[in-house]
Protein chains: 2
Amino acid sequence: MSDEARWLNDAELETWLAVIGMVTRLPNELDQQLRRDAHMSHFEYGVLAALEHAEDATRRMSDLAYVCHGSLSRLSHVVRRLEEQNLIERFACPDDGRSTLARLTDDGRRRLAKAAPGHVELVRSLIFDELSEEEAKEYGRLTRRILDRITK
Amino acid sequence: MSDEARWLNDAELETWLAVIGMVTRLPNELDQQLRRDAHMSHFEYGVLAALEHAEDATRRMSDLAYVCHGSLSRLSHVVRRLEEQNLIERFACPDDGRSTLARLTDDGRRRLAKAAPGHVELVRSLIFDELSEEEAKEYGRLTRRILDRITK
DNA sequence: TCCCATTAGTTGAATGTTCAATTAATGGTA
DNA sequence: TACCATTAATTGAACATTCAACTAATGGGA
């Protein structure tokens with residue numbers, strides 16, 4: 001309270017308001033497009049994509065939660081729903097009895113391939129059509145530094 | 001499908017993965033701090049703050065929804081809960097019978113003032129302690145351009 | 001004046017996420 | 001070996017958000 005110096009100045013506030021808008025509106029935008037065109041949320045898309053890029057299209061639940069930026073609980077619920085649609089299958093980890101492995105099925109791969117073009121098109125139109133190549137790189141570098149702070 | 005050129009290249013993908021991490025993790029981080037220290041979500045904080053900065057600490061519901069980046073339905077539910085805690089009051093708009101005005105109460109102002117220092121401290125530690133003054137401005141400009149695209 | 005498309009807001013149900021409790025396996029260490 | 005703190009994952013309840021349906025007021029036209 002006695003520390004006025006720690007308040008945000010005008011320039012900082014302007015930046016901060018833009019950041020709030022971005023982190024609030026962008027997920028909504030991605031969710032809407034994917035729900036409309038591919039009947040999945042952006043988080044679900046991220047789970048499928050994270051599996052596709054993994055060795056054997058397989059990951060431990062906790063690793064998957066980390067790379068998808070979600071809690072293990074959230075992931076567990078989401079994976080159950082994806083499993084019910086046969087997009088993912090779960091099986092015990094042979095190395096560690098506590099772990100569960102999740103693997104992308106062929107159906108899952110097809111659903112992802114169907115969803116990807118429209119999703120990428122939206123990402124491109126919102127970010128990479130707006131910024132020059134160098135601006136986009138700089139934006140990535142700055143964002144990564146902040147993200148590393150958040151992740152600790 | 002036939003359009004390989006529209007896919008993301010390595011640099012774009014790196015930028016995009018950082019952005020996804022940011023928009024997914026930052027809201028969680030803000031929510032956790034505010035819930036722990038002030039028993040409110042970041043969205044609720046935003047609603048109170050948006051009212052405080054308004055003329056007579058009063059705004060139409062739909063304006064409030066816009067500046068808070070949420071749907072009118074979401075805002076309606078949130079405002080009901082805040083009203084139950086006497087942080088906000090609602091009353092009919094004299095100019096337009098369809099509109100509802102929301103006003104910050106004295107209790108609401110106090111709750112916001114109590115929550116603000118800890119919240120600002122977190123924002124500062126995540127963003128403005130990481131970036132130089134010029135980097136923060138640049139980050140704000142780039143983010144704003146993307147946000148304007150999202151908002152159309 | 002009388003429509004009626006549009007805008008503003010609310011509500012309840014369906015859905016999704018968080019939170020806390022629980023189960024179970026692991027890896028040290030006494 | 002027996003203990004137990006830690007890690008991994010799941011589950012159900014509580015809570016928040018979205019979605020669709022609804023009420024109601026407004027502002028133009030015909």
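So you know, we letter chains A, B, ... as the sequences are listed, proteins then strands, and number each from 1. Everything quoted here is computed from the prediction, not taken from an experiment.
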Under 4.0 angstrom, heavy atoms only, what part of the nucleic acid is D31(A) near: base, sugar-phosphate, or nothing?
->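 Result for D31(A) = nothing.
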Taking the side chain as C-beta and beyond, is there a heavy-atom pair between [X] and [Y] under 4.5 Å?
X       : Y       : result
H53(B)  : V67(B)  : no
D10(B)  : E14(B)  : no
E133(A) : K137(A) : yes
E121(A) : P117(A) : no
L34(B)  : E44(B)  : no

Write down the distance between [atom1] ([X]) and [atom2] ([N]), rounded to a whole number of angstrom.
X      : N       : atom1 : atom2 : result
D95(B) : dG27(D) : CG    : C1'   : 15 Å
R36(A) : dA20(D) : CZ    : C1'   : 18 Å
L75(B) : dA8(C)  : CG    : P     : 13 Å

Give, ordered by number, those residues of residues 57-69 of chain B having at least one heavy-atom distance below 4.0 Å to an atom of DNA chain D; if nothing qualifies, reply none.
->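 Hits under 4.0 Å, by residue number: none.
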Can you measure from CG (L104(B)) to CG (L112(B)) and round to the nearest 0.5 angstrom?
->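 With rounding to 0.5 Å, CG (L104(B)) is 6.5 Å from CG (L112(B)).
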When you check every protein heavy atom under 4.0 Å of nucleotides 1-6 of chain D, what one-letter string (B, S, -) results, 5' to 3'?
-> ------
Reading nucleotides 11-21 of chain C from 5' to 3' and marking B where a protein heavy atom lies under 4.0 Å of the base, S where only the sugar-phosphate is that close, and - otherwise, the string is BB---SBBB--
Mind checking whether W16(B) and H42(A) have parallel, tilted or perpendicular rings, split at 30° and 60°?
->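 Correct class here is perpendicular.
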With sequence neighbours left out, what residues match E83(A) under side-chain contact (heavy atoms from CB on, under 4.5 Å)?
->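 If we apply the side-chain contact (heavy atoms from CB on, under 4.5 Å) test to E83(A), skipping adjacent residues, the hits are R90(A).
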L122(B): partners by side-chain contact (heavy atoms from CB on, under 4.5 Å), with sequence neighbours left out =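 Scan of L122(B) (side-chain contact (heavy atoms from CB on, under 4.5 Å), adjacent residues dropped) gives L30(B), Q33(B), S125(B), L126(B).
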Counterpart residues, salt bridge (Lys or Arg N to Asp or Glu O under 4.0 Å), relative to R35(B) (two or more places apart) |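 Result, salt bridge (Lys or Arg N to Asp or Glu O under 4.0 Å) vs R35(B): none returned.
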